[in-house]
Amino acid sequence: MQTLPSLSLWNRWWQTVCAKMPFSDWLLVGTLLALGGSWNVIHADGGSERNCSKIPPYLPSTVVNTTLRLQALREAMSSFNVSAYIIPGTDAHLSEYIAPRDARMAFMTGFTGSAGTAVVTLNKAVLWTDSRYWVQAERQMDCNWELERDVSISSITDWLIREVSDTDNIGFDPFLFSIQTYESYSYNLVPAKLMLKSIPDNLVDRVWTDRPLIPPDNLIRLPDRVVERTWQMKVEHIRTQMTDNPYKPTAVLLSALDETAWLFNLRGNDVPYNPFFYSYTLLTLNEIWLFVHKDRVTEDLKLYLNATCYLAHCVQLLEYEQVRVMLKNYMTTPGVKVWIGTEYTNYALYELITPEEKLLTSAYSPVLTTKAVKDETEQRILRDAHVRDAVAVIQLLMWLEKAVPEGKETEMTAAYYVNECRSKQKDSRGPSFETISASGPNAALAHYSPSNATSRKLTVDEMYLVDSGGQYLDGTTDITRTVHWGTPTDMQKEAFTRVLMGNIEISRTIFPSGTKGVNMEMLGRRALWEVGLNYGHGTGHGVGNYFGVHEWPVGFQSNNIPFREGMFTSIEPGYYKENDFGIRIEDVVVIVPAHTKYGHNYLTFETVSLVPYDRKLIDTSLMSPQQLQWLDNYYLTIRELMGAELDRQGLTEEKKWMLKHTVPFQSATASAAVSSLSLTLTALATALLHNLL
């Protein structure tokens, strides 16, 4: 990174220039700036967002100087004869969370948001991102970059059609494009006679001289106590699906990181918050090829994988970078057919599987759909992980209840505290994502996480939302609670109660096995819709066993698979009032059989998150008797399971807090009614006695 002159030096220089510059030169400077040039020279404190219209431009201290990076990239583009280069914000496995070494978009732009696409031409550089990140982009990008407030591929291709001539090539790394992404770009560009040029050797990597290295940690195998199905059993199960498939595939290609990790019961440390490692697998009916960084596979793991033989249950280890060469060679074999899941296979591998009769596609690979249904051991240990995780969340809420009125705690100290509490629980492996700790207007941003610049002090006058989770050797957790330590407004209570009603309505629903989540998702919104409220995110996602906190393909979206017994998903309706407050109530549930009067093969949800909701935010007058009964039953479960766990850990104060916050609502209401009636009768009797006397 360039060392820039101080602001005072630039001020003195600028005063000298201004005194001597004729009007015609001013016009030239203005024209150059309008054409996309920028002076990345001012890092100042005194404003949070850049201002590229000023001369010289104002740049906050949070920006990254990208001048030399862009210059080097453009030189690389010229050597490959491309006039534009597309830089997505993903990795070769199309992961939601990516490793620092895969943050190519962030390196080139300075923008660190999780969603976006950058495009560089020989004289312009543009970032596309959605509304969550517009302010962040203006704070982090220098004036080399323009910001497009859109994320659609059509917006990007429209811009390319305007900027690139039909004789130029548009370069891209096929490892960073999904099949659908490539097809969408091509569909829009071909009518304009523009062509994409596949360059598997990533151009950003060529100029990223200090690109982070792969972590040196060795891979690990899961202990036997958390495993029911050995990797050999899983391989045979997938092979059975291959032979039973009427299209008779000879191989399955696994590209998503969690596919290989699940198949071999292995974990790694390559991606923040996710226990994955760089890998691909090509599984045939009689051979297994695992593409991995071999120097991280210990001798014990080689023995575990039978890596020294070449039989049907021997895992042949190849270097990670050899996957394209090996797949290309395999495709030359007569009669082969490769089965892929199109959602997670990158275009670099897809483009090798030709001709078309050698390809079999489904949205998700048989590994992902099999992994979605947990076996008995996985269900048991994932439940156990949620019990221990609830201890940490209860400790957080109890501490905040005492500490916030003192006025010293912030969003960041709360996030740190819950992570510390989790770290003390058995089998803890760290957080499962960056904690969303948000107070007041920050909570109105659904995916906000605190920083030194944005962290608010927690007060009794604002609602507080904490969305957090943990990785444990036996499970992954994700839970959200919203609380208020003072006096909530009527609007806040009603909104919270209606969000809770939505959570309960889904949780208590009985449905036929095979129902898709999207067909019941509206139950989470109905109570909000009745008063004209809504939320702008999904209603739930799958959760893994020491895997990703967002585990596809389970959930409530249209591209999720139908629900089956043994699946785990979150249920998380919410409501967000801009610049005021945010509410989300998130629980993880397991799908279990429902006992109905007449039908069979019906299912329902059983909640495994075990932390009570904020009592003062619940308006029971809005709720139905069935909803209140569900809530009381849930609180009884919390008392039984958490009472025993808190006793086991010797946490007496936490148990008292839990019992206080899980008093049944219906019995409390009944007691209040009886007390009111007794007072009325006593008053009436006193009055009658007074009249008689």
Side-chain angles (χ1 to χ4, degrees), residues 70 72-95 98 102-105 107-109 115-129 145-146 148 150-208 253 255 321 323-325 327-328 331 338 340-356 358-359 361:
L70 285 169
L73 179 63
R74 285 166 175 149
E75 290 174 359
M77 290 165 56
S78 296
S79 67
F80 279 85
N81 192 31
V82 294
S83 299
Y85 191 66
I86 303 171
I87 309 168
T90 187
D91 65 8
H93 305 275
L94 310 178
S95 307
I98 62 175
D102 292 317
R104 299 175 178 91
M105 180 186 71
F107 169 76
M108 287 306 307
T109 65
T117 301
V119 176
V120 177
T121 66
L122 297 180
N123 57 10
K124 289 188 178 182
V126 184
L127 172 76
W128 281 259
T129 192
W145 288 88
E146 301 173 24
E148 288 285 340
D150 199 337
V151 289
S152 65
I153 290 177
S154 61
S155 173
I156 300 173
T157 54
D158 287 347
W159 186 89
L160 285 167
I161 290 169
R162 294 193 303 269
E163 296 292 330
V164 179
S165 70
D166 57 12
T167 59
D168 294 331
N169 291 314
I170 299 171
F172 76 103
D173 180 350
F175 280 101
L176 305 184
F177 270 43
S178 70
I179 299 167
Q180 183 179 2
T181 297
Y182 174 82
E183 291 175 345
S184 297
Y185 273 98
S186 295
Y187 179 82
N188 293 339
L189 293 173
V190 167
K193 298 181 180 180
L194 293 176
M195 299 297 294
L196 291 171
K197 182 176 181 178
S198 175
I199 307 175
D201 184 8
N202 191 280
L203 300 188
V204 174
D205 294 351
R206 283 175 165 249
V207 305
W208 194 353
L253 176 63
S255 296
E321 293 80 8
V323 61
R324 265 178 63 100
V325 173
L327 180 60
K328 190 173 183 178
M331 297 311 301
V338 179
I340 64 170
T342 56
E343 289 287 331
Y344 289 100
T345 301
N346 62 54
Y347 191 78
L349 301 182
Y350 173 79
E351 67 180 350
L352 299 178
I353 306 175
T354 57
E356 190 173 340
K358 291 189 174 184
L359 174 68
T361 64

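- Annotation for Met331 and Thr354: closest pair CE-O, 4.0 Å, computed over non-hydrogen atoms.
- At least one side-chain heavy atom of Leu349 sits less than 4.5 Å from a side-chain heavy atom of Leu253.
- A side-chain donor-acceptor contact under 3.5 Å links Thr129 to the backbone of Ala115.
- For Asn202 (side chain) and Asp173 (main-chain N/O), no donor-acceptor pair under 3.5 Å exists by modelled atom type.
- Under the 3.5 Å distance criterion, the side-chain polar atoms of Asp91 are matched with a main-chain donor or acceptor of His93.
- Annotation for Tyr344 and Ser255: closest pair O-CB, 3.2 Å, computed over non-hydrogen atoms.
- Under a 3.5 Å cut-off, the side chain of Ser95 and the backbone N or O of Ile98 do not form any donor-acceptor pair.
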Pairs under 3.5 angstrom only: tabulate donor-acceptor contacts from the side chains of residues 180-187 to other protein residues two or more places apart or in another chain.
{"from": "Thr181", "atom 1": "OG1", "to": "Ser178", "atom 2": "OG", "distance (Å)": "2.8"}
{"from": "Ser184", "atom 1": "OG", "to": "Gln180", "atom 2": "O", "distance (Å)": "2.9"}
{"from": "Ser186", "atom 1": "OG", "to": "Tyr182", "atom 2": "O", "distance (Å)": "3.1"}

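- Under the 6.0 Å cut-off for aromatic ring centres, Tyr85 and Phe172 do not qualify, their centroids lying 6.0 Å or more apart.
- Of all non-hydrogen atoms in Thr90 and Leu94, the two that sit nearest each other are OG1-CA, 3.4 Å.
- In terms of heavy-atom proximity, Asn123 sits nearest to Arg74 at C-NH2, 3.7 Å.
- Every side chain to side chain contact (heavy atoms under 4.5 Å, CB included) that Ala192 has, sequence neighbours left out, goes to Ile161, Leu194.
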Task: Glu351/Arg324 under salt bridge (charged side-chain N to carboxylate O under 4.0 Å, His left out): CA gap, chis, key distance, verdict - done: CA-CA 10 Å; Glu351 67 180 350; Arg324 265 178 63 100; 3.1 Å; yes
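- Heavy atoms of other residues, nucleotides or ligands lying less than 6.0 angstrom from CD of Glu321 number more than 12.
- When atom types are taken as modelled, the side chain of Lys358 and the backbone of Val338 share no donor-acceptor pair closer than 3.5 angstrom.
- The closest donor-acceptor contact from the side chain of Ser79 to the backbone of Ala76 lies under 3.5 Å.
- At least one side-chain heavy atom of Ile170 sits less than 4.5 Å from a side-chain heavy atom of Leu189.
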TODO: Show the numbers, then the answer: is there a side chain to side chain donor-acceptor pair (under 3.5 Å) between Ser165 and Asp168?
DONE: CA-CA 6 Å; Ser165 70; Asp168 294 331; 2.8 Å; yes
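- Nearest heavy-atom pair across Asn346 and Pro174 is CB-O, 3.8 Å.
- Lys197 places a side-chain N or O within donor-acceptor distance of the main-chain N or O of Phe80, the cut-off being under 3.5 Å.
- The closest donor-acceptor contact from the side chain of Thr345 to the backbone of Thr342 lies at 3.5 Å or more, if one exists at all.
- For the pair Arg104 and Leu176, the minimum side-chain heavy-atom distance is below 4.5 Å.
- Taking 4.5 Å as the limit, some side-chain heavy atom of Leu160 sits within range of a side-chain heavy atom of Val119.
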